[in-house]
Amino acid sequence: MHSDIVDLRSFYASTLGRLAERSIAMALASIWATLGNERLVGLGYAVPWLERFGTEAERVFAFMPAAQGAVNWPPTGPSSTALVFDEDLPLVDSSIDRVLMVHSLEHAENPRETLMEVWRVLAPGGRLVIVVPNRRGVWARFEHTPFGTGRPYSRGQLTALLRETNFTPGAYAEALFFPPSVHRATLRLHQLFERAGRRLGPMFAGVLVVEAQKRLYQGLPVAARASRRVFVPVLTPQGAGRLRPVARSRKP
């Protein structure tokens, strides 16, 4: 089950969401190698970090799953948002330099198919960066945040899945060491929790961040695959188009 786009926007507009965004940004910065003129795609809900890390990219796209919903981004200028099915991305082969997945893999119906599709659109040597809830973390146990929904991962599970789909896992990082509390007194201590958590290790992290590289020297089986469903944008309330016109009485 995907997180709803309205809930995602509301969370990142809150104090807890802004602190979570900042913590994840620090983890991303520790493994994010700057590539000039890259083509960057955010898959899921990666908008807060696309604004931080996409400033030097040639092109940036925000792909949002149809089951989640989408918002227009950026707020000014031409839109770079697309409503997609994560197993059938509207891109040609080897056309993207880097993919950032946030609030995506844990909600995928078939994570292997999703990563194979990302492999297809990445250029040779392309990079994939994934942010997922930590299976052992506290954040995965509370549903009042987007990280409490979907399928959490351990580092071992994530590494095995990446290798199975022809990616070479690289650097790991962690974020969200402070508890997902909405109390102001606890939130004021978030920096203390973050520093202590980084010293104690990844066991207490709320999310795992990993960078992987597209592997080319091993072949992938070729098989025809059709999407299991088709999403149609709904611009009117359900049922509104099904109303039959009322028959007019004829005058004698």
Side-chain angles (χ1 to χ4, degrees), residues 8 12 20-65 68 73 80 82 84 86 89 91 94-108 111-112 114-135 137 139 146-147 150-176 198 202 205-216:
L8 287 166
Y12 285 106
E21 175 192 342
R22 190 182 310 168
S23 177
I24 295 173
M26 291 179 61
L28 287 172
S30 67
I31 64 173
W32 192 278
T34 302
L35 304 175
N37 297 322
E38 70 172 341
R39 292 156 293 180
L40 172 63
V41 167
L43 180 58
Y45 188 75
V47 167
W49 302 277
L50 293 179
E51 295 174 350
R52 290 175 178 260
F53 296 96
T55 55
E56 298 182 0
E58 176 192 353
R59 296 181 184 180
V60 182
F61 300 98
F63 283 3
M64 303 186 186
Q68 168 194 286
W73 182 84
S80 297
V84 302
D86 54 9
L89 300 178
L91 295 168
S94 304
S95 58
I96 298 299
D97 299 303
R98 179 154 32 193
V99 175
L100 171 62
M101 298 178 67
V102 188
H103 299 301
S104 176
L105 187 64
E106 65 267 30
H107 299 295
R112 186 176 182 275
T114 297
L115 290 183
M116 289 181 66
E117 179 67 0
V118 171
W119 188 97
R120 180 187 69 81
V121 304
L122 277 174
R127 300 167 185 263
L128 168 64
V129 181
I130 303 176
V131 179
V132 290
N134 182 10
R135 182 182 177 186
W139 286 68
F147 301 101
R151 182 191 305 107
Y153 286 85
S154 67
R155 182 179 288 202
Q157 290 172 328
L158 197 54
T159 298
L161 180 60
L162 287 168
R163 288 176 175 170
E164 182 184 354
T165 51
N166 263 12
F167 285 96
T168 301
Y172 270 89
E174 296 82 25
L176 302 185
R198 295 182 190 282
V207 298
L208 300 175
V209 183
V210 61
E211 182 188 52
Q213 194 166 24
K214 179 177 179 176
R215 189 168 61 198
L216 295 175

Check your understanding: Parallel under 30°, tilted from 30 to 60°, perpendicular over 60°: which one fits the rings of Trp49 and His103?
Key -> tilted
Point to revise | Sequence neighbours excluded - salt bridge (charged side-chain N to carboxylate O under 4.0 Å, His left out) pairs with any residue from residues 41-50 | key: none
Study note, to complete from the structure: Sorted by chain and number, sequence neighbours left out, side-chain contact (heavy atoms from CB on, under 4.5 Å) with Phe61 holds for Val41, Arg59, Phe63
Review point. If every non-hydrogen atom of Ala20 is compared with every non-hydrogen atom of Leu176, which pair is closest and at what distance?
Key: CA-CD2, 3.5 Å
Review point. Less than 4.0 Å between a side-chain N and a carboxylate O, is that true for Glu106 and Arg151?
Key: no
Point to revise | Heavy atoms of other groups near Glu58 CD, more than 12 under 6.0 Å | key: yes
Check your understanding: How many angstroms lie between atom CE of Met101 and atom OG1 of Thr114, to the nearest 0.5 angstrom?
Key -> 6.0 Å
Donor-acceptor pairs are to be reported for all side-chain atoms of residues 121-135 against protein atoms at under 3.5 Å, with residues two or more places apart or in another chain.
residue : atom : partner : partner atom : Å
Arg127  : NH1  : Glu211  : OE2          : 3.2
Asn134  : OD1  : Arg136  : N            : 3.2
Asn134  : ND2  : Pro202  : O            : 3.2
Asn134  : ND2  : Ala205  : O            : 3.0

Practice item. Name all residues meeting the side-chain hydrogen bond (donor to acceptor under 3.5 Å, both in side chains) criterion together with Ser94; count only those two or more places apart in sequence or in a different chain, and write none if there are none. Key: none
Review point. What closest approach, in Å, do Pro169 and Phe167 show between heavy atoms, and which atom pair accounts for it?
Key: CD-O, 3.4 Å
Practice item. For residues Ser104 and Leu43, report the shortest heavy-atom separation together with the two atoms involved. Key: CB-O, 3.4 Å
**Study point:** Pairs flagged by salt bridge (charged side-chain N to carboxylate O under 4.0 Å, His left out) wherever residues 39-49 is involved - sequence neighbours left out
**Key:** Arg39-Asp97
**Study point:** Residues forming a side-chain contact (heavy atoms from CB on, under 4.5 Å) with Ala62, sequence neighbours excluded
**Key:** Val47, Leu50, Met64, Trp73, Thr81
Exercise for review: Supply the atom-to-atom distance Leu100 CG to Arg98 CZ, rounded to the nearest 0.5 angstrom.
Suggested key: 8.5 Å
Check your understanding: Residues in side-chain hydrogen bond (donor to acceptor under 3.5 Å, both in side chains) with Arg120, at least two apart?
Key -> Asp93, Glu117
Practice item. Kindly write out the residues that satisfy salt bridge (charged side-chain N to carboxylate O under 4.0 Å, His left out) with Arg52, not counting sequence neighbours, or none if the list is empty. Key: Glu21
Practice item. List in chain and number order the residues that pass side-chain contact (heavy atoms from CB on, under 4.5 Å) with Gln213, two or more places apart in sequence or in another chain; answer none if no residue qualifies. Key: none
Check your understanding: Who passes ring-ring contact (aromatic ring centres under 6.0 Å, His included) against Phe53, sequence neighbours left out?
Key -> Trp32
**Study point:** Within 45° cone and under 6.0 Å: Arg155 NZ/CZ vs Tyr172 ring
**Key:** yes
Check your understanding: Would you call His107 and Pro65 a side-chain contact if the rule is heavy atoms closer than 4.5 Å?
Key -> no
Review point. Who are the side-chain contact (heavy atoms from CB on, under 4.5 Å) partners of Ala27, not counting sequence neighbours?
Key: Ala173, Ala175, Val209
Exercise for review: Could you pull out all residues at least two apart from Tyr153 that satisfy ring-ring contact (aromatic ring centres under 6.0 Å, His included)?
Suggested key: none
Practice item. Flag the pair Asn166 / Lys214 as yes when at least one side-chain heavy-atom distance between them is below 4.5 Å, and no otherwise. Key: no
